[in-house]
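Written below as structure tokens is the structure these notes are about.
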Amino acid sequence: MSPPFDLIVIGGGVNGAGVARDAAGRGAKVLLLEKDDLASGTSSKSTKLVHGGLRYLEYYEFALVREALGERETLWGIAPHIIWPMRFILPVTANMRPRWMLRAGLFLYDHIGGKGSLKKTRSIDLRKHRAGAALERQFAHGFEYSDGWVDDARLVVLNAMDAADCGAEIRTRTPVTAARREGELWHVDAGGETFTARALLNAAGPGADDVARLVGENPAYGIRRVRGSHIVVPRLFDHDCAYILQQPDTRICFAIPWESDYTLIGTTDADHSASLDDVDASEGEVRYLLDAVNRYFERDVTPADVVWTYAGVRALVDDGSGRPEAASRGYQLAMSDAGRVAPVLGIYGGKITSYRHVAQEAVDALAERLPELKGAHWTGDTPLPGGDFGRHAQPYLLQVLGEDYPFLSERDLLRIGRAYGTCAWEWLGDAKGRSDLGRDFGEGLSEAEVEYLRNREWAQTADDILYRRTKLGVHMTDAQKTALKDYLGR
């Protein structure tokens, strides 16, 4: 049997990948085990925002919002290719939250996280603002504030890549089937092999309580599984602002520019009791989201306009809240009570914006029991792969990419630059024309990119490539998707 790992991480979502990165960078020998693809669950099915959570202020989650706003700045700094600022439009709506309340909440939102570098809130006249043209005429006043956009699935992959560069071993499609303590080690059966480790990290998200029982621990916290569904429709507006729309039930809904041609609409909050392998947007949720935007936009959308739906299950710590949207988005860490021998640490709850801070706190807790974990905090000022160009330099990066590869269209440059950052040069290489990149699968996806995703980013299937590593699945034809599947099959 091979020498034991210091830490086995169970779960390849954003928390698991974040812990693997942090721990490997502090000198630990790390193995990450994921039963499917990286970010195949909740971490690729979010609303794609790095934000403080404006609506959490209503539930007095001030500490959570403060932490998330600080992390918003940090994450933008280490991954400026996949995270960038976005302005949000909040129309003032009669018979909902009054204007003074919105103004006060946004003032607090601008300042509770400390001195940030994003633009502050301002009042706007929607009859004159570019964002007002798409709205019904009744909406005359509103506010414009800042938050951040993130390519959530790529955030997970980049953390895993950095973990691997620090020496971690990443195993996808390797489900854990059993785990047992023997002396001072864990013996973990996964994918037909047995691995040993001095400690375990349970980062299974909505399945954290199931994994706790699998490894012989009582779940430290109850998990409330809340489904968030989203729909994608042809774009409803021709500008780069997003909208945050109040609803009669006091919830809010986002309408966000997405993939140039579309608008992303979400999310819902519905308790999920079905299997975690069967998570889809229900007809009722689709209807709810359509109604949510039709209350505001001049052009109505119908079920026939929906080109794609997706849903993810959030793992919320069950705090007894009556309504799913009121349940805390905070997190809890739980260390096993087995003394200093073969500990297991569980992550319960949390949100994507806070993942790096959660991972850092988790590794700090493990360091008290694992002398192999050494070194100071490092993940907050070390760029993720491809992000080593400065958060204000994205336009310059795209310009240089275009100069080096003039055969790429403006659309391709934007997609490739924002997905890969400086890593784009790794697979574009010395190409002088499209033919140098091999087979063209359509929508700018080349054989060179596919092989890079397979060899560097653990992609194995067409869905891995089309809906997680890239979002080209919403643009490609069925014939193009089939061609890619056939190629990967060979």
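Positions are given from 1, in the same order as the sequence printed here. If you're wondering where the values come from, they're calculated on a predicted model, not measured in any experiment.
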Query - Closest contact, heavy atoms only, F139 versus V92 - result: CD2-O, 3.9 Å

Query raised in the report: Can you check whether W427 and Y420 have ring centres sitting under 6.0 Å from each other?
Result: yes

**Report entry** Ion pair R415/E449, N-O distance below 4.0 Å
**Finding:** yes

Query raised in the report: Thinking salt bridges, do D210 and R225 make one under a 4.0 Å N-O criterion?
Result: yes

Query raised in the report: Looking at CD of E426 and CZ of R456, how far apart are the two atoms once the value is rounded to the nearest 0.5 Å?
Result: 5.5 Å

Review item, side-chain donor-acceptor pairs of residues 273-280, under 3.5 Å, at least two apart:
from : atom 1 : to   : atom 2 : distance (Å)
S275 : OG     : D277 : N      : 2.9

Report task. For D404, enumerate each residue passing the salt bridge (charged side-chain N to carboxylate O under 4.0 Å, His left out) test, keeping only those at least two apart in sequence or located in another chain. Result -> none

Query - Option from W149, Y145, F143 for which ring pair (Phe, Tyr, Trp, His ring centres under 6.0 Å) with F88 holds - result: Y145

Query raised in the report: side-chain hydrogen bond (donor to acceptor under 3.5 Å, both in side chains) with Q394: which residues, sequence neighbours excluded?
Result: R418

Report task. State, with a plain yes or no, whether a side-chain heavy atom of L38 is found less than 4.5 Å away from one of I170. Result -> yes

Requested in this report: Let me see the working for Y355 and N159 under side chain to side chain donor-acceptor pair (under 3.5 Å), right down to the final yes or no.
Outcome: CA-CA 11 Å; Y355 90 89; N159 273 272; 2.9 Å; yes

Query - side-chain hydrogen bond (donor to acceptor under 3.5 Å, both in side chains) involving N15 - partner list, sequence neighbours excluded - result: none

Query - Any residue meeting salt bridge (charged side-chain N to carboxylate O under 4.0 Å, His left out) with R295, in chain and number order, not counting sequence neighbours - result: none

Query raised in the report: Do we get R251 above Y288's six-membered ring, with its NZ or CZ under 6.0 Å from the centre and within 45° of the axis?
Result: yes

Requested in this report: Please determine if R235 and D261 form a salt bridge, counting it only when a charged side-chain N lies under 4.0 Å from a carboxylate O.
Outcome: no

Query - Which residues share a ring pair (Phe, Tyr, Trp, His ring centres under 6.0 Å) with H239, sequence neighbours left out - result: F237, Y243

Query raised in the report: Which residues pass the ring pair (Phe, Tyr, Trp, His ring centres under 6.0 Å) test with Y348, sequence neighbours left out?
Result: Y221

Query raised in the report: Do R314 and T267 meet the criterion of a side-chain donor-acceptor pair at a distance under 3.5 Å?
Result: yes

**Report entry** Which atom of E34 lies closest to which atom of D36, heavy atoms considered
**Finding:** OE2-N, 2.8 Å

Query raised in the report: Can you name the nearest heavy-atom pair linking D300 to N294, along with the distance?
Result: CA-OD1, 3.3 Å

Query raised in the report: What residues, two or more places apart in sequence or in another chain, satisfy side-chain hydrogen bond (donor to acceptor under 3.5 Å, both in side chains) together with S43?
Result: none

Query raised in the report: Taking only residues two or more places apart in sequence, or in another chain, which ones meet R299 in a salt bridge (charged side-chain N to carboxylate O under 4.0 Å, His left out)?
Result: none

Report summary line: For residues 101-121, the salt bridge (charged side-chain N to carboxylate O under 4.0 Å, His left out) pairs (sequence neighbours left out) are none

Requested in this report: Please identify each residue that fulfils salt bridge (charged side-chain N to carboxylate O under 4.0 Å, His left out) with D240, with sequence neighbours left out.
Outcome: R130

Query raised in the report: Between Y467 and Y310, does the ring centroid distance fall short of 6.0 Å?
Result: no

Report task. State whether the side chain of H141 and the backbone N or O of S123 hold a donor-acceptor pair below 3.5 Å, judged by distance alone. Result -> no

Report task. Could you note down all residue pairs passing salt bridge (charged side-chain N to carboxylate O under 4.0 Å, His left out) where residues 460-477 supplies at least one of them, sequence neighbours left out? Result -> D37-R468, D37-R469, D151-K471, R173-D464, E457-R469, D464-R468

